[in-house]
Amino acid sequence: MAFDNIQLEKGLYTTSKGFTKSLEELDPSENYVGTELEGLDAYQRQLKRFNIKVTGHDSDTVEKFFATTSSSVLFPEYVSRAVRTGIEQSDALSKLVATTTKIDSLDYRAIEVKSNDDEIGLANVGEGAFIPEAVIKTKSNLTKLTKRGRMLVASYEAIKFQRLDLFTVMLSQIGASIARDQLIDACNALNSCGGETVTKDDPSDLTYEDIVKLWNAFSPYNMNTLICSGDVLKKLLSMSEFRDSNAGLNFHATGSLITPLGAELVRVDGSDNGDTMIGIDSRYALEKVQAGEVTTDFDKLIDRQLERAAVTEISGFSPIFNSAVKYMAG
């Protein structure tokens with residue numbers, strides 16, 4: 001079936017696979033290898049079918065999606081992709097998350113490893129000696145999943161002449177907001193996982209030696225990420241070791257944050273950790289659980305009832321190895 005003969009309908013959004021995968025099954029991309037449409041997915045081919053330009057200075061207006069009943073079915077997917085772009089562009093979670101698990105339900109029970117020293121490794125075992133155990137089992141509590149999103153509140157008349165290029169920017173900002181909320185959720189999950197607390201030498205002050213002490217406590221892990229609030233970040237960047245002209249050259253020139261002992265700094269404001277720094281080995285510390293993809297109220301969007309149309313994503317976070325997480329007051 002050629003892409004320009006496919007019947008578009010709301011039902012494509014209600015399948016367990018989601019809109020894009022369902023459309024891809026009707027119009028596989030592999031059929032276009034070697035053609036001018038190679039590199040486009042099924043949704044992008046539909047945009048070409050209806051000659052809808054969503055990017056660039058000559059992008060179409062919102063009303064172009066609603067020129068026909070069939071093309072209007074593409075609008076919710078456009079909204080979802082624009083929001084997803086904002087999430088990806090504001091992505092700091094990748095610096096914290098070891099793995100992402102996608103599920104098709106709202107219940108998920110993560111696994112954990114219990115061993116004598118809470119580590120997985122190879123041990124030298126003598127003949128007849130006991131081999132240390134690493135027991136993998138499901139956690140006693142379900143992973144808490146949270147719906148994050150925004151409500152689109154606008155009339156069709158108010159936005160129908162809006163250029164899609166600018167409207168995409170506005171939707172991307174919604175994605176950025178979702179990403180910030182999820183970052184706080186991830187930080188709260190790490191804050192409550194029960195990792196080791198490393199005390200400062202001087203409770204009233206934060207020194208470079210304290211950062212070294214926190215870094216040193218990670219063996220056999222590596223502290224490759226340091227999470228802190230803006231206030232603690234200010235203290236770090238005010239240390240003479242980070243204000244040195246050579247050490248701060250990149251920060252002064254580009255604005256890229258200096259990395260204490262090779263650890264990447266992630267600023268998180270509004271989380272439960274307050275002024276506590278959280279150091280992690282991001283390869284082993286945290287699992288992200290995601291229920292589906294970004295979803296929209298497709299019925300309302302297709303029928304041009306934008307007065308209250310929700311854009312949401314459901315996710316949760318589960319610590320993997322508590323010993324890959326350390327805390328220190330800022």
Side-chain angles (χ1 to χ4, degrees), residues 92-99 112-123 132 134 183-252 254-287 317-330:
L93 279 176
S94 60
K95 302 173 184 177
L96 279 60
V97 172
T99 183
E112 61 182 347
V113 178
K114 295 293 185 181
S115 62
N116 294 339
D117 56 1
D118 198 26
E119 308 291 346
I120 292 182
L122 299 179
L183 186 61
I184 292 174
D185 291 340
C187 187
N188 289 341
L190 290 170
N191 189 56
S192 61
C193 77
E196 176 188 356
T197 297
V198 181
T199 57
K200 296 186 295 185
D201 293 333
D202 182 358
S204 64
D205 192 19
L206 178 66
T207 65
Y208 182 75
E209 286 72 21
D210 292 326
I211 305 301
V212 174
K213 186 177 181 181
L214 179 63
W215 172 85
N216 191 52
F218 268 82
S219 180
Y221 293 101
N222 294 315
M223 186 183 78
N224 57 23
T225 305
L226 186 60
I227 308 164
C228 58
S229 66
D231 290 339
V232 177
L233 184 60
K234 182 179 178 181
K235 294 180 183 179
L236 286 172
L237 298 181
S238 298
M239 292 180 181
S240 60
E241 289 81 2
F242 298 140
R243 287 190 286 110
D244 178 84
S245 59
N246 291 325
L249 182 60
N250 189 49
F251 176 64
H252 297 154
T254 67
S256 297
L257 294 177
I258 302 163
T259 58
L261 304 176
E264 188 154 15
L265 283 172
V266 176
R267 175 177 176 172
V268 181
D269 293 311
S271 67
D272 295 340
N273 65 309
D275 66 350
T276 298
M277 295 184 296
I278 305 178
I280 66 171
D281 188 332
S282 61
R283 300 171 300 169
Y284 306 107
L286 191 66
E287 174 191 18
F317 300 90
S318 177
I320 303 174
F321 290 99
N322 292 353
S323 51
V325 182
K326 312 289 183 188
Y327 312 109
M328 176 177 279

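Residue Lys235 holds its NZ atom at 9.0 Å from CE of Met277, rounded to the nearest 0.5 Å. Atom-to-atom distance recorded for Leu214:CG and Met223:CE is 5.0 Å, nearest 0.5 angstrom. In this structure, the separation between CG on Asn216 and CD on Glu209 is 13.0 Å, given to the nearest 0.5 Å. The structure places OG of Ser282 at 12.0 Å from CG of Leu226, a figure rounded to the nearest 0.5 Å. One distance of note links CG of Leu183 with CZ of Arg267; it measures 11.5 Å at 0.5 Å rounding. Once rounded to the nearest 0.5 Å, the distance linking CG of Asp272 with CG of Leu190 reads 11.5 Å.
With hydrogens and angles ignored, the 3.5 Å screen pairs no side-chain donor or acceptor of Lys200 with any backbone N or O of Thr207. For the pair Asn188 (side chain) and Asp185 (backbone), a donor-acceptor distance under 3.5 Å is absent. For the pair Asp275 (side chain) and Val232 (backbone), a donor-acceptor distance under 3.5 Å is absent. Distance alone, capped at 3.5 Å, places no donor-acceptor pair between the Thr225 side chain and the Leu96 backbone.
Here the closest heavy-atom approach between residue Thr276 and residue Tyr327 is recorded as CG2-CB, 3.9 Å. Minimum interatomic distance between Cys228 and Leu236 (heavy atoms only, all atoms of both residues): SG-CD1, 4.1 Å. Closest non-hydrogen pair, Asn322 versus Cys193, comes out as ND2-O, 2.9 Å. Among all heavy-atom pairs drawn from Ile280 and Ile278, the shortest one is CG2-CG2, 3.9 Å. Summarising the geometry of Leu286 relative to Pro319, their closest heavy-atom pair is CD1-N, 3.8 Å, with the distance given to 0.1 Å. The minimum heavy-atom distance linking Met328 with Asp210 is given by the pair CE-O, 3.4 Å.
Ion pair Asp281/Arg283 flagged as a salt bridge, since at least one NZ, NE, NH1 or NH2 atom sits closer than 4.0 Å to an Asp/Glu carboxylate oxygen.
Using a 4.5 Å cut-off on side-chain heavy atoms (C-beta onward), Val212 and Tyr208 make contact.
Relative ring orientation between Phe321 and Tyr284 is described as perpendicular, the plane-to-plane angle rising above 60° on a 0-90° scale split at 30° and 60°.
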### Task
Apply side-chain contact (heavy atoms from CB on, under 4.5 Å) to the pair Trp215 and Ile211, showing each step before the final yes or no.
CA-CA 6 Å; Trp215 172 85; Ile211 305 301; 5.6 Å; no
